[in-house]
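Okay, structure first, notes after.
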Amino acid sequence: MEKSSPTLESRKRKTAGEDEDEDVKLKGKRTEQVENLMKVSRQEYLKNREKKKLKQLRDDIEDEQFLFEKIEKLSEPEKREHLYKQKIVELVSKEQQCDDTGEEREIHPQQAWEENQINNAKLNFGSKDRKQKDYQFVFEDQIEFIKSTIVDSDSDVDVDNEKLQRTRNSKLIEDRKALPIYPYKDALLQAVHDHQVLIIVGETGSGKTTQIPQYLHEAGFTRSGGKMIGCTQPRRVAAMRVAARVSHEMGVKLGHEVGYSIRFEDCTSEKTILKYMTDGMLLREFLTEPDLASYSVIMIDEAHERTLSTDILFGLIKDVASARPHLKLLISSATLDAEKFSDYFDCAPIFKIPGRRFPVEIHHSKAPISDYLDAAVVTALQIHATQPQDDGDILIFLTGQEEIETAENIINRRIRALGTKIAELITCPIYANLPTELQAKIFEPTPEGARKVVLATNIAETSLTIDCIKYVIDTGFCKINCYNPRTGTESLMVAPISKASANQRAGRSGRTGPGKCFRLYTEHSYMNDLEDSTIPEIQRTNLANVVLLLKSVGITDLLNFDFMDPPPAEALLKALELLFALGSLDKDGKLTKVGERMSEFPLDPMLSKMIVASDKYKCSAEIISIAAMLSIGNSIFYRPKDRQVQADNAWMNFHVGNVGDHIALLKVYNSWKETKFSTQWCYENYIQVRSMKKARDIRDQLESRLERVGIDLTSNVNDLEAIKKSIISGFFPHSARLQKNGAYRTVKHPQTGHIHPSSGLSQVLPRWVVYHELVLTTKEYMRQVTELKPGWLVEVAPHYYQLKDVEDSSSKKMPRGIGLA
DNA sequence: GAGCACTGC
C-alpha cells in the first residue's frame, strides 16, 4: 500500500465529515438497551434478573388458558422461555413432516449433532412473534428470487423437487432463527452502523461466522458498488465448510453469491458478495489491492488464535480503516482477549453473544504429577473401568508421536492383561503426520459395548473435532516451535500450555453432552504457573517472509509498524539483513526489482531468490520442483518402526553418486512424475502420498507464478552445476565449512552445525556444503545438505563473500579420508 | 547414527 495515505489530520476531518450524516440519522435509534447488550452477556442477564420467575413459569406452563393471560405481563426472557417450548413442539412436527416427504437427509453424525444443538438453542429464540411472520414473508420472496437462479442453472429441477426445496428453505429459516445470535441481530446491525470497528465475543455455537455476514448482506452492506463482505478463517477446511453452509442457507450455488478462496482453489465468481477465505489469502490480496477497495466489510474470525497472518492483517487493516472510514471491521475473539483487541483498535466497543454448549466438570489433580504419561494412562483406564460403557469416549492430549505410540502400547498391554473382565477399549492415535488412512479410524463409530480412547496431539485442540467425546485428559503440555534469531536455529520444545489452551481442551468434552475434564496438574498450578494465553506466533518465528511481504505493500518503517504484540527487534533486524543480502532490499531499505519478483512467490525469501536466480542458469523447471519439495518440510518420508531398514534403503536409491539432498529431492519428484503420480510407487518407496500431492500442488502454483514475473520455464536436468548455483544464489548465507572435528562452521557468522544423520551426505562429509535449515535437537543439525565448490560462493554472491573468506587454509590439517568427496 | 507440535501463502 502506498504509505502516502492521508495525514492524521486530514483523515480525521474526512472521517468526521462523512460520518456526520449517518451519526445524526442513527443517534435517535441508539437505545440504552443496545448499550447494555454490548456490555452484559445474555447469560448473566438471565441469571441475575429472572431466575425465580422462570421457575414459577415452568410450573404454570401446563395451564394454557392461564398462560395466555399471563404472557402479556411477562418480561422478555419469560416470553422467550414460553416460546421456546412452543417452538420445540412445532419443530418436532415439522421434522416429522420433512421425513415423511422423504427429503434426502444425510445422517452424518456431525449434522445430527448440529441439529440437536440447534434445537437446544431454541431457548434464545423468537422474542418477537409478529416480526417472525414478516421475516418469513420477506424471506420467501427472496428465496423465490434466488431459487429462479437455481432453476436456471439446473434444468432438471421438477415440481416435486421445488416443493421439497421450499420445505427445506423454511426449515433453514427456522434453523437460522434458532441460533443464539438471532435475538441480537438488530442490536448488532445498529452497532455496526454506529462504529467502524467492533470486537465480537462470540462463544462457540453462537452462529456468528455463518450469520453475521448474512445479516450485513441483508442490511444492504453489499449493495453499494457491488462490494463484498470478506470473512477470514485460520484454516482452509473451515473456510470451505462455512462457505458451503452459508450458500446452502441462502439457497445459492457455492461459488456464485457465496464463495471461498483458499490456496490452490478460488471458488468465487464476479457475482460473489460473501467471501470466506483463509487469513493468509487476504494477506496476499493486499499485494494486488492495497486498500481492499472491493470490500465493504472485513470480518476476522477466530482472531484470538493469533496466527502469524492475523497479526499482520491487524496492522495493515487498521491503517486501511483509517483511510477508508466506510470500511467496517469486525474482529471476533474469545472472551479473555477481547479487551486487548479493543485497546488495540482504539477502544472499539465489545459486543458479546452467548453460545450454546454443555457444561464441563473440571477436575485437577490433588498433588503435582511427575510422570504425566503414566498418569494419563491410569486415568483413562480408571474412567473406562468405572464409568458406563455407552456413555462416551475418552480424549487424551499428549505432546507428540512418540508419546502417543508409547501410551498406545501401555494401554493395549494392560487391557489385554485384564482380559474379559473389562469391556473393549479401542486406542486411536491421531497426529498430523499420521497417514490419512490411519487418521480415518477416529471417525469410525465406536462398536456397541466398546469404548474409544483417542490419543491426540494439539491437532484435536482446534483443527479437528471428534464426536462423542465425554472425557478429556489434559496432560498440560504441548510442543511449540521456537526460532532463535541470533543463531538462526529452530527447535521444538515441550512447554506447558496456556490457560486459554487448557480451557479449549476442556471444551472438547462438552460437544455432544455434559463432559468431564481431568487435568493432570494442580489447580494451584493452573492459577499460578500457566500463562493466560500462548505466546503469539509472530514473537517466535522467522520473520523473513513477513518482512518481505510488508515491504512489498509499502511499509517502510518496520520497527515502528503497529504490531499488536511486536516481535523481538532482533528478529526483524535479522530478517532485514537477510533480505538485504539477497538483494531484495536496497541500502535505503526499499524493495528492489529482484525483491518485487521474489514477493510473487508464496515461499521463504531464500527459496524465492533461488527461483528468481534459476532464470539465469536456465533450470527453473528443476528449481521449482526442489523449492516445492523443500517447502513441505520433513514429512516426505514414511519410516515405520518395523521397516526402518527398508525405508532407509529406499531413500538411499535417490542418493546414488552423492548428489546431495536437494538433487535427491528433485529425483524423488521426477521419479514420481514419471509414474504418472502413482500412489503405489509412493508406498513402494516409503514416501507419504499426501506430502507428494502437496508438493505437486505447490509446484503447479510456482509454475504459474513464473509466467507472472517473466521467467521462462527451462529445463536442464543434467546440469547439476547450474542447479546447485541456483540453490546457492538463495542459500549462500547458509554455507558451511568442515572443521577438524567433523563438525561444520558457517562461513560468515560463527555458528556450528552437524550434517543430520538422515542426510545422504552424513557419511560423506564434503569440505563445503550449503544447507536448507538448521534445527536444534540433541545437537545443531543441518537438514537438507548439498556439496558446493567455494569458488561458486564468490561467483554467485560477490557482495557477500570475498576470496579470503573461502580460502582453504586448513586443508592440510584435515584428517585423511575426510573432505575429499 | 537420529527424532518428526500445528497451521498458512
Side-chain angles (χ1 to χ4, degrees), chain A residues 232-239 261-266 277-287 302 305-313 397-405 430-434 456-464 475 477-482 490-495 497 501 504 534 536-538 540-541 545-546 548-549 552 599-605 607-608 627-628 631-641 644-645 647-648 688 691 694 697-698 701-702 705 742 754-759 761-763 765 773 775-783:
Chain A
T232 71
Q233 293 290 319
R235 277 168 293 278
R236 296 157 49 96
V237 274
S261 169
I262 57 177
R263 190 181 188 182
F264 311 130
E265 208 183 331
D266 183 9
M277 61 194 131
T278 45
D279 45 17
M281 208 66 199
L282 183 61
L283 203 52
R284 280 268 142 194
E285 284 189 12
F286 268 92
L287 287 175
E302 314 284 353
E305 284 192 28
R306 305 291 306 276
T307 65
L308 189 58
S309 302
T310 23
D311 267 24
I312 309 296
L313 274 178
F397 281 102
L398 296 161
T399 65
Q401 183 180 345
E402 200 184 335
E403 271 180 23
I404 288 174
E405 279 166 3
I430 178 88
Y431 45 88
N433 263 349
L434 193 73
T457 59
N458 250 3
I459 194 171
E461 198 176 294
T462 50
S463 306
L464 56 88
T475 55
F477 288 96
C478 70
K479 276 186 187 166
I480 55 164
N481 195 1
C482 284
E490 287 192 334
S491 56
L492 269 184
M493 297 190 309
V494 175
I497 59 171
S501 248
Q504 176 74 20
T534 318
E537 194 183 355
I538 196 167
R540 51 184 171 85
T541 192
N545 210 352
V546 168
L548 182 62
L549 188 122
S552 45
S599 65
E600 283 289 330
F601 297 96
L603 296 169
D604 275 339
L607 290 170
S608 309
S631 63
I632 54 174
N634 56 349
S635 56
I636 297 169
F637 292 94
Y638 177 56
R639 201 163 177 263
K641 271 210 169 111
Q644 288 186 354
V645 183
D648 288 350
Q688 299 239 29
S691 302
K694 206 168 148 196
D697 287 340
I698 295 175
Q701 191 189 26
L702 295 179
R705 296 291 164 101
H754 307 260
I755 296 185
H756 195 278
S758 67
S759 164
L761 296 179
S762 62
Q763 303 300 309
L765 297 182
E773 60 180 357
V775 292
L776 176 66
T777 52
T778 50
K779 283 185 204 167
E780 288 100 344
Y781 280 111
M782 302 180 287
R783 260 202 219 133

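Sequence lines set the chain letters: A, B, ... in the order given, protein chains first and strands last, and positions in each chain run from 1.
With a 4.5 Å cut-off on side-chain heavy atoms, R263(A) and I698(A) count as touching. In this structure the side chain of L549(A) never reaches within 4.5 angstrom of the side chain of N545(A), judged on heavy atoms.
Projected onto DNA chain B by closest heavy-atom contact, G400(A) and P757(A) fall at different nucleotides, the more 5' of which corresponds to P757(A). Position along DNA chain B of the nearest nucleotide to P234(A) versus L776(A) favours L776(A) as the more 5'-ward residue.
Of all nucleotides listed (dC9(B), dT7(B), dA2(B)), dT7(B) comes nearest to the side chain of R235(A). Proximity note for N634(A) (side chain, C-beta onward) versus dC4(B), dA5(B), dC9(B): the nearest is dC4(B). In this structure, of dC4(B), dG3(B), dG1(B), it is dG3(B) that holds the atom nearest to the side chain of T778(A). Checking dG1(B), dC9(B), dC6(B) against every side-chain atom of D648(A), the shortest atom distance belongs to dG1(B). Picking from dA2(B), dT7(B), dG8(B) the nucleotide with the shortest atom distance to the side chain of R236(A) gives dG8(B). Which of dA5(B), dT7(B), dC9(B) sits closest to the side chain of Q401(A) comes down to dA5(B).
Looking at heavy-atom distances under 4.0 Å, S309(A) makes no contact with the nucleic acid at all. Contacts of I262(A) with the nucleic acid, taken as non-hydrogen atoms under 4.0 Å apart, involve only primed sugar atoms and P, OP1 or OP2. Nucleic acid contact for L492(A): base, since at least one base atom lies under 4.0 Å from a heavy atom of the residue. Looking at heavy-atom distances under 4.0 Å, R284(A) makes contact with sugar-phosphate atoms alone, never a base. Heavy atoms of Y431(A) sit under 4.0 angstrom from primed sugar atoms or phosphate atoms, though from no base atom. Backbone-only engagement by T278(A) is indicated by non-hydrogen atom pairs under 4.0 Å involving sugar-phosphate atoms exclusively. Among the protein residues, N458(A) comes within range of no part of the nucleic acid, since none of its heavy atoms lies under 4.0 Å from any strand.
In this entry the base of dC4(B) is syn relative to its sugar, with a glycosidic angle within 90° of 0.
Between T777(A) and dC4(B), a side-chain N or O to OP1/OP2 separation shorter than 4.0 Å is absent. When the side-chain nitrogen and oxygen atoms of T457(A) are compared with OP1 and OP2 of dC6(B), one or more of them lie within a distance under 4.0 Å.
A salt bridge links K641(A) to E405(A): one of the charged nitrogens lies within less than 4.0 Å of a carboxylate oxygen.
No side-chain donor from either of Q504(A) and T462(A) sits under 3.5 Å from a side-chain acceptor of the other. Counting only N and O atoms by type, the side chains of T310(A) and T307(A) include a donor and acceptor under 3.5 Å apart.
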Is there a side-chain hydrogen bond (donor to acceptor under 3.5 Å, both in side chains) between T399(A) and E403(A) once you walk through the steps? CA-CA 7 Å; T399(A) 65; E403(A) 271 180 23; 2.9 Å; yes
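Rounded to whole angstrom, the span from the CG atom of L464(A) across to the P atom of dT7(B) amounts to 8 Å. The nearest whole Å value for the distance from the CZ atom in F477(A) to the P atom in dA5(B) is 16 Å. Regarding F264(A), its CZ atom lies at a distance of 13 Å from the C1' atom of dT7(B), rounded to whole Å. Straight-line distance from the CD atom of Q233(A) to the C1' atom of dG8(B): 13 Å, rounded to whole Å. Between N481(A) atom CG and dA5(B) atom C1' the separation is 8 Å, expressed in whole Å. Note: CE (M281(A)) to C1' (dG8(B)) measures 11 Å, nearest angstrom. We find that CD1 of I480(A) is positioned 14 Å from P of dA5(B), with the value rounded to whole Å. Between the CD atom of Q701(A) and the C1' atom of dC9(B) there is a distance of 7 Å, rounded to whole Å.
Evaluation of atom-type donor-acceptor distances gives a pair under 3.5 Å for the side chain of R639(A) against the base of dA2(B).
Taking a 6.0 Å sphere around CD of Q763(A), one finds it holds 12 or fewer heavy atoms contributed by other residues, nucleotides or ligands.
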